[in-house]
Amino acid sequence: MSDVRVRFAPSPTGPLHIGGVRTALYNYLFARKMGGKMLLRIEDTDQNRFVPGAEEYIIESLKWVGIQIDEGQGVDWGDGPGPHGPYRQSERKGIYQAEAERLVAVGKAYYAFDTDEELDAMRQRLEAANAPAAQYNAITRGQMKNGLTLKPDEVNARIGAGEPFVIRLKTPRKEEVRLNDLIRGWVNVHSSAIDDKVLIKSDGLPTYHLANIVDDHLMGITHVIRGEEWLPSAPLHVLLYRYLGWETTMPQFAHLPLLLKPEGNGKLSKRDADLGGFPVFPLQWTDPFTGNVARGFREEGYLPNALVNFLSLLGWNPGTEQELFSMDELIDAFSLEKIHKAGARFDIEKAKWFNHQYIRQQPNEVLAPTIEQQATAAGLACPPDKAVKIAGLLKERVSFARELFGEAHTIFYAPTAYDEAIVATKWNDDSRRAVAAFRDALLGFEGEFVAEAIRHTLAGAMQQAGIKQGKIMQAMRLALTGFGIGPDLMLTMEIVGREEVIARLENALTSLN
RNA sequence: GGCCGAUUCGUCUAGCGGUUAGGACAUCGCCCUUUCACGGCGGUAACACGGGUUCAAUUCCCGUAUCGGUCACCA
């Protein structure tokens with residue numbers, strides 16, 4: 001048996017949806033798990049929906065989340081993107097046409113010349129007659145203008161005259177089509193439910209169905225892992241493999257459950273993102289036509305590992321109680337059998353939790369630049385070592401790196417006001433004495449101004465003043481930051497610096513009565 | 001509407017005939033802590049419904065309901 005080969009085959013019609021990212025991820029995990037290859041093919045057979053920049057966006061998105069493509073668009077094999085190229089369907093036009101002609105030749109497909117108006121008329125007629133389905137199929141094709149109803153001479157004449165035509169599949173009238181989906185098991189569909197699908201459009205380009213089958217075959221794809229929205233057309237694809245003579249090497253199918261709206265009905269859409277205030281695209285995207293900007297997970301501050309971890313568990317579970325997975329661990333644990341059948345609601349809260357987990361694991365040095373940038377933007381001086389310390393102090397408290405600066409406001413800004421509730425309950429003669437005593441001790445402070453030394457100084461000063469430290473700590477925090485809550489006070493003081501600490505204590509003494 | 005698929009706590013899920021139905025997010029409480037957060041401990045919370053099959057059904061089968069997908073010269 002040949003090695004596993006899977007593909008991710010998006011259409012460049014806009015930014016890659018997060019559901020597409022998950023599909024790509026599952027393909028990738030499976031490929032790596034099996035020691036196989038992951039291909040990227042661009043399905044751009046609809047000229048009308050082509051969006052400039054979309055292909056680049058897709059490639060950049062996959063790269064960002066850590067999905068490596070072995071072969072196909074965006075890959076450099078030295079002399080092209082790989083041995084089965086081109087990997088852009090618009091560049092493979094002739095291949096599809098040849099296969100379609102072959103189907104016509106063996107009587108499995110036929111030319112059709114019906115105009116849009118004629119098709120509409122047929123559908124309306126059927127609907128009026130209450131027919132079960134208004135389809136172009138084994139029953140209706142006899143009444144239409146096609147290679148089955150027209151004389152061969154006329155067909156040739158029409159084509160010769162340049163009249164537009166399509167090639168349709170000649171779907172059998174009564175036949176049970178079976179398909180063994182790796183996730184759902186056997187799926188049976190009667191051919192009467194399948195219409196005579198257009199294989200080659202009047203512009204000469206193939207539809208998804210033909211192009212997909214031809215390419216998957218030519219590219220040696222062994223497993224087709226795609227969204228559940230393709231399940232209804234899967235039997236049609238089986239038929240195509242059969243008629244093309246490729247059924248024995250037909251890939252196995254695995255139809256993935258869909259990502260659903262956080263609440264309400266339907267699948268996750270861009271609209272949900274706007275409503276819920278979260279992204280559904282991996283990267284920020286600016287629509288080239290309207291200029292509208294759609295938010296991206298990357299720009300929102302999500303770490304690629306966190307996104308991958310979150311996405312991997314939406315519709316799949318290793319069966320253990322492990323929650324945090326690196327990409328390598330996912331590859332190791334992954335299996336198609338463990339994929340769910342039912343759709344999964346997209347809950348951004350869980351995504352935030354994952355991000356929090358990964359943020360706190362980040363080295364302080366990695367988080368620091370974000371703080372520096374925001375501080376600089378706010379007109380504040382923030383040397384790298386200070387930013388590193390702040391990151392270490394606060395990273396366990398946030399879900400996103402950009403929240404660090406906001407959490408650090410008491411470090412950057414001396415209090416301009418004091419929390420009244422804390423003042424009312426904690427500010428008294430004792431606390432006033434404590435603050436003064438601490439200030440005095442700090443005035444004579446020598447050595448390195450670090451948390452441990454500060455702790456000692458404070459303890460000593462309180463002991464000398466005869467004040468129980470626990471009783472005045474919150475007042476001390478109030479004097480230093482203006483608030484009753486916040487991160488470790490000793491570390492905060494270390495970062496703020498001795499001079500500033502003394503100044504703040506001084507200020508509290510004069511401001512608070 | 002036809003066809004196809006699905007249905008375990010609010011959400012993501014474990015479970016593959018016999019379990020006190022487990023974990024995570026969220027939520028609530030307690031502990032830790034000078035405070036908040038983190039962390040630890042604990043609580044509330046689920047097998048859609050009705051029939052079968054079986055000694056025994058969350059688990060198998062059939063209906064019903066609900067939800068989802070799909071019915072284009074879009075993918």
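So you know, we letter chains A, B, ... as the sequences are listed, proteins then strands, and number each from 1.
The side chain of Val187(A) approaches G5(B) more closely than any other nucleotide in the set U34(B), G68(B), G5(B). Listed nucleotides C3(B), A6(B), U35(B) differ in distance to Val189(A); the shortest reach to its side chain belongs to C3(B). Comparing C73(B), A75(B), G5(B) against the side chain of Ser11(A) picks out A75(B) as the nearest. Of the candidates A6(B), A75(B), U70(B), the closest approach to any side-chain atom of Trp230(A) belongs to A75(B).
Between Arg168(A) and Asp195(A), none of the side-chain N atoms (NZ, or NE/NH1/NH2) sits under 4.0 Å from a carboxylate O, so this pair counts as no salt bridge. A salt bridge links Asp430(A) to Arg433(A): one of the charged nitrogens lies within less than 4.0 Å of a carboxylate oxygen. In this structure, Glu229(A) does not pair ionically with Lys267(A), as no charged nitrogen and carboxylate oxygen lie closer than 4.0 Å. Using a 4.0 Å cut-off between charged nitrogen and carboxylate oxygen, Arg41(A) and Glu43(A) count as a salt-bridge pair. Ionic pairing of Arg345(A) and Glu263(A) is not present here: no N-O contact between side-chain nitrogen and carboxylate oxygen is shorter than 4.0 angstrom. Classification of Lys261(A) and Asp272(A) as a salt-bridged pair holds, one side-chain N sitting under 4.0 Å from a carboxylate O.
Using a 4.0 Å heavy-atom cutoff across all strands shown, Asn188(A) reaches sugar-phosphate atoms only and no base atom. Within 4.0 Å of Gly470(A), counting heavy atoms only, lies no atom of the nucleic acid at all. Residue Glu263(A) is classed as having no contact, given no heavy-atom separation below 4.0 Å to the nucleic acid. Residue contacts for Val166(A): at a heavy-atom cut-off of 4.0 Å it reaches a base atom on one of the strands shown. If you check every strand for non-hydrogen atoms under 4.0 Å, Ser233(A) touches nothing. Using a 4.0 Å heavy-atom cutoff across all strands shown, Arg123(A) reaches sugar-phosphate atoms only and no base atom. Within the 4.0 angstrom heavy-atom criterion, no nucleotide atom of any strand lies near Asp181(A). Residue contacts for Lys471(A): at a heavy-atom cut-off of 4.0 Å it reaches no nucleic acid atom on any strand shown. Leu489(A) comes within 4.0 angstrom of a base, heavy atoms only.
The minimum heavy-atom distance between Leu126(A) and Ala134(A), with the atom names listed, is CD1-CA, 3.8 Å. The minimum heavy-atom distance between Gln135(A) and Thr140(A), with the atom names listed, is O-OG1, 2.6 Å. Closest approach of Thr410(A) and Val496(A) over heavy atoms only: O-CG2, 4.5 Å. Across all non-hydrogen atoms, the minimal contact from Asp44(A) to Gln89(A) is OD1-N, 3.2 Å.
Taking atom OH of Tyr96(A) as the reference point, atom C1' of C73(B) lies 16 Å away to the nearest angstrom. The distance between atom CZ of Phe310(A) and atom P of A26(B), rounded to the nearest whole Å, is 13 Å. Between Asp114(A) atom CG and A72(B) atom C1' the separation is 14 Å, expressed in whole Å. Rounding to whole angstrom units, CD1 of residue Ile411(A) and P of A37(B) are separated by 18 Å. When the P atom of C3(B) is taken as reference, atom CZ of Arg178(A) falls 19 Å away, rounded to whole Å. For the pair Ile58(A) CD1 and A75(B) C1', the computed distance is 11 Å after rounding to whole Å. Atoms CG (Leu259(A)) and P (A6(B)) sit 18 Å apart, rounded to a whole Å. In this structure, Glu228(A) atom CD and C3(B) atom P are separated by 17 Å, rounded to whole Å.
Nucleotides U19(B) and A65(B), compared at atom P, are 32 Å apart to the nearest Å. Across C31(B) and G17(B), the matching P atoms stand 44 Å from one another, rounded to whole Å. Annotation: G50(B) and C41(B) have their P atoms spaced 38 Å apart (nearest Å). G23(B) and A46(B) have their C1' atoms separated by 14 Å, with the value rounded to a whole Å. G22(B) and A45(B) are spaced 12 Å apart, taking the P atom of each and rounding to whole Å. Nucleotides A24(B) and G40(B) have their P atoms positioned 9 Å apart, rounded to a whole Å. C28(B) and C9(B) are spaced 15 Å apart, taking the C1' atom of each and rounding to whole Å. G18(B) and A75(B) have their C1' atoms separated by 49 Å, given to the nearest Å.
Remark: Glu329(A) CD is packed, more than 12 non-hydrogen atoms of other residues, nucleotides or ligands lying under 6.0 Å away. Open room surrounds NE2 on His456(A); 12 or fewer heavy atoms of other groups in view lie less than 6.0 Å from it. More than 12 heavy atoms of other residues, nucleotides or ligands shown are found within 6.0 angstrom of CD on Glu163(A).
Pairing for C25(B) is with G10(B), a Watson-Crick or G-U wobble pair whose two hydrogen-bonding atom distances lie under 3.5 Å. In this entry C32(B) has no Watson-Crick or G-U wobble partner, no candidate having both defining distances under 3.5 Å. Taking a pair to require two hydrogen-bonding distances under 3.5 Å in either a Watson-Crick or a G-U wobble arrangement, G18(B) pairs with C55(B). With both pairing distances under 3.5 Å, G63(B) is matched to C49(B) as a Watson-Crick or G-U wobble pair. In this structure C38(B) sits in no base pair that meets the Watson-Crick or G-U test at under 3.5 Å. Pairing for C3(B) goes to G69(B), judged as Watson-Crick or G-U wobble with the two contacts each under 3.5 Å.
Two rings, from Trp316(A) and Tyr26(A), have their centers 6.0 Å or more apart.
OP1 or OP2 of A6(B) has not a single side-chain nitrogen or oxygen of Arg184(A) nearer than 4.0 Å. Side-chain nitrogen and oxygen atoms of Lys352(A) include none within less than 4.0 Å of the OP1 or OP2 phosphate oxygen of A24(B).
Near RNA chain B, meaning a heavy atom under 4.0 Å from it, residues 192-208 of chain A has Val198(A), Lys201(A), Ser202(A), Pro206(A), Thr207(A), Tyr208(A) in order of number.
In this structure, the side chain of Asp196(A) engages the main chain of Thr171(A) through a donor-acceptor pair within 3.5 Å.
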Nucleotide by nucleotide, nucleotides 38-46 of chain B touches protein heavy atoms under 4.0 Å in the pattern (B base, S sugar-phosphate only, - none) SS-------
Expected string for nucleotides 10-16 of chain B under the B/S/- scheme (protein heavy atoms, under 4.0 Å, primed atoms plus P, OP1, OP2 as sugar-phosphate) is -SBSSS-
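Mapping Phe354(A) and Met473(A) onto RNA chain B via the closest heavy atom, the residue that lands nearer the 5' end is Phe354(A).
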